[in-house]
Amino acid sequence: MHKGSCLCGAVHFTVAGDLPEGSACHCSKCRKHTGHYEAGVDLPRSAVTITGEEAITWYFSSEKVRRGFCSVCGSSLFFDPVHLDWIGLMLGSFDTPTQTRIGLHIFVADKGDYYEITDGSPQNLQ
């Protein structure tokens with residue numbers, strides 16, 4: 001089991017089972033939401049249990065996706081495509097070792113100009 005939380009501890013989550021490889025999204029929306037690029041893992045909703053939901057604020061960044069963050073401390077936690085049966089969790093919010101790695105970079109054509117991607121993982125322009 002994997003555990004995670006926001007910076008202040010108002011929101012916690014647990015994940016049943018192993019984590020898949022993560023992805024890093026370099027699109028402008030993810031960069032603005034996280035302050036850098038977004039590194040996360042996508043999991044079936046049934047594998048994730050969230051507590052402290054009253055402290056989560058959801059922001060619809062498009063008609064299909066909402067992003068969840070702690071309304072107390074502002075930590076970016078969730079990427080939620082509301083019409084699909086999975087939810088993305090930010091890798092930086094895990095409290096326990098993840099035993100995973102970034103396996104793919106996406107939207108690299110939109111990445112910030114202040115860093116390079118050098119980890120050797122595949123890079124998709126979109």
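Computed over heavy atoms, backbone and side chain alike; hydrogens, waters and symmetry mates excluded. Note that the numbering runs from 1 along the sequence shown for the chain.
- Between F94 and F13, the ring center distance clears the sub-6.0 Å criterion.
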| task | Report the C-alpha distance between D42 and I87 in whole Å, list the side-chain angles of each, state the deciding distance to 0.1 Å, and finish with yes or no for side-chain contact (heavy atoms from CB on, under 4.5 Å). | result | CA-CA 6 Å; D42 300 336; I87 188 166; over 6 Å; no
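- Counting heavy atoms from C-beta outward, R67 and K29 have side chains that approach closer than 4.5 Å.
- With hydrogens and angles disregarded, no donor-acceptor distance shorter than 3.5 Å links the side chain of S75 to the backbone of L77.
- Remark: the backbone N or O of I56 is not paired with any side-chain donor or acceptor of E54 at under 3.5 angstrom.
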| request: Would you sort out whether L84 and K64 count as a side-chain contact (heavy atoms from CB on, under 4.5 Å), showing the intermediate values? | output: CA-CA 9 Å; L84 300 174; K64 298 179 181 180; over 6 Å; no
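- Summarising the geometry of R31 relative to D110, their closest heavy-atom pair is NH2-O, 3.1 Å, with the distance given to 0.1 Å.
- The shortest heavy-atom contact between F107 and C25 is CD1-SG, 3.7 Å.
- The hydrophobic clustering, which links ILVMFWY residues whose side-chain heavy atoms are closer than 4.5 Å, places I50 and L91 together.
- Here the straight-line distance linking atom CZ of R66 with atom OG of S61 works out to 11.0 Å at 0.5 Å rounding.
- D18 CG: 12 or fewer foreign heavy atoms inside a 6.0 Å radius.
- For the pair V15/L43, a side-chain contact is recorded, criterion being any heavy-atom separation below 4.5 Å from C-beta on.
- Across all non-hydrogen atoms, the minimal contact from P20 to T100 is O-OG1, 2.7 Å.
- In this structure, F78 has its ring center no closer than 6.0 Å to that of H33.
- Among all heavy-atom pairs drawn from R45 and P81, the shortest one is NH2-O, 3.1 Å.
- Contact annotation: the side chain of I106 never approaches that of Q123 to less than 4.5 Å [non-hydrogen atoms, C-beta and beyond].
- H26 has its ring centre less than 6.0 Å from the ring centre of Y37.
- Counting heavy atoms from C-beta on, the side chains of L89 and L19 never come closer than 4.5 Å.
- Using a 4.0 Å cut-off between charged side-chain N and carboxylate O, K3 and D95 make no salt bridge.
- Within the 4.5 Å cutoff, the side chain of T14 has no heavy atoms near those of the V48 side chain.
- We find the OG-CH2 distance between S46 and W86 to be 14.0 Å, quoted to the nearest 0.5 Å.
- For the atom pair NZ of K32 and OG1 of T34, the computed distance is 11.0 Å after rounding to the nearest 0.5 Å.
- Residues satisfying the side chain to side chain contact (heavy atoms under 4.5 Å, CB included) criterion with R101, sequence neighbours excluded, are E21, S121.
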| field | Derivation of the side-chain contact (heavy atoms from CB on, under 4.5 Å) call for V65 and V82 | value | CA-CA 6 Å; V65 173; V82 294; over 6 Å; no
| message | Working note: V11 + T51, criterion side-chain contact (heavy atoms from CB on, under 4.5 Å); need CA distance, chi angles, decisive distance, verdict. | response | CA-CA 6 Å; V11 180; T51 57; over 6 Å; no
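- A heavy-atom distance below 4.5 Å is found between the side chains of I102 and D119.
- Within 6.0 Å of OH in Y115 there are more than 12 heavy atoms belonging to other residues, nucleotides or ligands.
- Considering every non-hydrogen atom in both P122 and G103, the closest pair reads CD-O, 3.2 Å.
- You'll find the side chain of C70 reaches within 4.5 Å of the side chain of C8, heavy atoms only.
- Considering all non-hydrogen atoms of both residues, T96 and H2 come closest at OG1-CA, 3.7 Å.
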